[in-house]
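Written below as structure tokens is the structure these notes are about.
Computed from a prediction, not measured in an experiment: that's the story for all the values here. Order of the sequence lines sets the chain letters (A, B, ...), proteins ahead of strands, with each chain counted from 1.
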Amino acid sequence: MEGSRAGSRERADVVVVGSRVAGCAAAVAFERAGRHVVALDRAEFPSDTLSTHIMSAGAVTELKRVGGLERALATGAPKLPIWSLVGTDGLRPQGHYGREDGVDFGLCVRRIGLDNALVESARAAGAEVREHASVKGLVWAGGRVAGVRYTDGDGEPHELRAKLVVGADGRHSTVAKLLGVERPYRRWRNGRGMVFRYYDDPAPPSERAALTGWRADDLYAFLFPTYEGTLCLLQPPKEEISLFRADPEGMWALALAKSAGLRNRLSDCTPQGKIRIAPEDLSSYFRVSSGSGWALVGDAGHFKDPIIGQGMHDGLRFGRRLGEVAADALDDPELLDRRLFEWELERDHTVMPSVYFAGGRLARPVPLTAIELEMCSEMESDRDFADLGADFWARRPGGEKTFTWRRRFGWGRRALRRPGVGLREVFLFAREEARLEASLAWERLILRTGRRSRPGRWLAWGRNGWSDQQAPGGIASSERGPTAPWRPPRAEPASAAPPARRPAAVEPLRRPKEEALAEAPKAAEVA
Amino acid sequence: MSERRVKVAVVQPQLELGEVEANLARLRSLAGAAADEHTPEVLLLPEAMTSPNLFDRRMLRVPQPIDGPALEMLRGLARSCDCVVGGGFLSIRRGDARHTYVVAEPDGSLHLHDKDQPSMWENNYYTAGRDDGLFTTALGTVGCAMGFEWARSRTARRLRGKVEVVLGGSCWWGAPLNWRPLGPINAREHQYNAIMAREAAPRMARMVGAPCAIAQHVGKVQSRTPLLPGLPYRTVMVGGSMIVERDGRVLAHLPLEEGEGYVAAEVGLAPPAPVDPIPSGFWHHPMSSVVQFLWYYQNLHGRLMYPLNRRRAGWERFAGDLPNYVSPEPEASPAELEEAAA
């Protein structure tokens, strides 16, 4: 649908800057609500970008909800119904996703294909996606963002007015910069870097049905079957990234040497193209993500450590949610601003557990503890628990029961039977777990009261990055009332039905016993 | 991007408490003279142009519906002088009094900004606004600041790097000059206050990275003193209207001693280039302890009194309002827009 032109000023209901995962999800949701959307992107699609690539079943469900699943599957990417961790000690736990909205598999689609599928979905929904469009400035009216100024592929300047400007332009968001909120109000340094390359993969389909992760010493490595090959993604300590830049092939070989299992799996595979290296700084952050007439979705507003592979899930989900909560408020600026703020709090409340899980547990480049080994051991012996772990990672309802205190005490108790494990190690683990849980609970409590969690000095941040949500002089009497503190949603309509457990019909991936035995002595390598 | 030179004029009036019509007439005359002499592209009047903000019962009559004579005067001046005209006044918007600064363009566009926080006794007569005070005009992106907003760090934060020029006004009064037992202390406070007023715009320019222009009130005034009935508060409006380049250079200045008048200067409009960091404190300039004390006690008193004054003055009965941006062209219906697109 064309943006409407009135005189020299062009208007749309919503301008989305950035037309990849989160931007397209938002564009589709607004279009479904009957709003005109113009999405701008500097790139020409199909266009590639750096990414962890992986989508859990939860992310695939979100992809389906925004109408991109069929197109993504049409690329030829295999379904990945199994979630598998590989390590030493003979451990190889495997979990199957539960079924939700007819989806019980993960996916890995090359970004060049996925983003193109999403752009096509957005266009099919009615959004106008303009390529080669580079945003140069914002249009302000009455203290609100009222549009953007951009140049097209020929360098011609344009002005596009809208009731809402959505920044979906990634970590180095131009929109965030123009809004003055580029500097995150919370930030966590990453412990790991990210390096990947594609391989031709002659393995049979039965071996290309799992997302497989290896933990070897301080390295996390993943194999994600995709279309026209397989992606191998390494997450070494970030200090090694500069070494990868200096000698990519040498460092790649060194990393593979840490994991015999991964090396064996890749032995018949042929590398495609060069090794790609993400920047060393992959810090997690929260930016002020909503304000008067604007919102930041996807990595533009919040980014979490790639180790947990939840970026696309959250980009799709909260892109869609933005459209759902804001579409009917576009004609009432005050209501719109409240909805945007509530949307931001909903996002923070939902993503906070994975932020803690990623930052507090997975991102630290250290070998697994004895307690974590016990967890893997339980996953391997208890199929239901492994499935629960898959649902936890997929952010499926019920997945939060994976890490109950009862289970954690059990792991600690059993870990004490391991040689060389003392009470001190168990105590330190328990103390750290308790600290993380208490901190997470406190943050979610703050969010429930209708405030950003730990935004630092309110003078420095707060509403729109410049003042408190309520100006210190007080809200005018006429504006008091309808804003109740945000409450987390009980359940989204689409996920109301309990997930059906996948039947055990799929052949689980089992490693040959010899291979397991061969790896067993390398005690540092653990799932 | 090349720099565009724009001539800005600021008007510094001496106005009378509560004399709304006379004050508007006075300003119309000064603005007309300034426009005739300098033919500026931007002409600024101070905030509180319907009456200086003082603590007095007459202030209850000052706030007027937003689309009243003050706004009409600004709109008319923009059209007749063919330039952007700014000025602030106490308005009534949806049942509450606000301190609104209006930037009117010659084509009829209006941009409104409500002051983010009343200062001291002003709390008796209006309440805080919540908009960002940013608007895109024919000049470029403009940031708006009023009164003590010029002295707050968060103002720099909301405008920094986003605007090509900061426009606004102030009604900045001094310390009491008639409280003889506190003579030396008050004299010192008055000097500190005047220094702060003088440095507010240059500091803001360096922090925001854009030229600034501020129109001030000037002249002697007398107020009552909150919670101290019978004790008059005689002081001066500190004057010092000025136009400042982005690097903090003062291009034109109208000090207290020169009284009422106007000055003009050309500033360069270009993408913002902040120079100074923004302090983490509430004020970007150190504030003396006496002013801090007055700030807190008078703010508290004013906030407690505001609901009473609102009811007493009947502001709550005015439900009308204008959006913060009034377009010169009527909004087209979706059908018309479709037609235009076709």
- Query: Given the rule in the side chain to side chain contact (heavy atoms under 4.5 Å, CB included) test, do Trp140(A) and Asp132(B) qualify, once you have shown the distances and angles that lead to the verdict?
  - Reply: CA-CA 9 Å; Trp140(A) 295 85; Asp132(B) 283 11; 4.1 Å; yes
- Please report the C-alpha distance between Thr141(B) and Arg149(A) in whole Å, then the side-chain angles of each, then the deciding distance to 0.1 Å, and finally whether the side chain to side chain contact (heavy atoms under 4.5 Å, CB included) criterion is met. CA-CA 12 Å; Thr141(B) 305; Arg149(A) 293 196 306 268; 4.0 Å; yes
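Around CZ of Arg32(A), the count of heavy atoms belonging to other residues, nucleotides or ligands within 6.0 Å exceeds 12. Remark: Phe55(B) CZ is packed, more than 12 non-hydrogen atoms of other residues, nucleotides or ligands lying under 6.0 Å away. In the displayed structure, Tyr297(B) atom OH is contacted under 6.0 Å by more than 12 heavy atoms of other residues, nucleotides or ligands.
One distance of note links CG of Leu134(B) with CG of Leu138(A); it measures 9.5 Å at 0.5 Å rounding.
When all heavy atoms of Tyr325(B) and Gly142(A) are compared, the pair lying nearest together is CB-N, 3.6 Å.
Checking side-chain atoms of Lys162(B) against main-chain N and O of Leu178(A) turns up no donor-acceptor pair under 3.5 Å.
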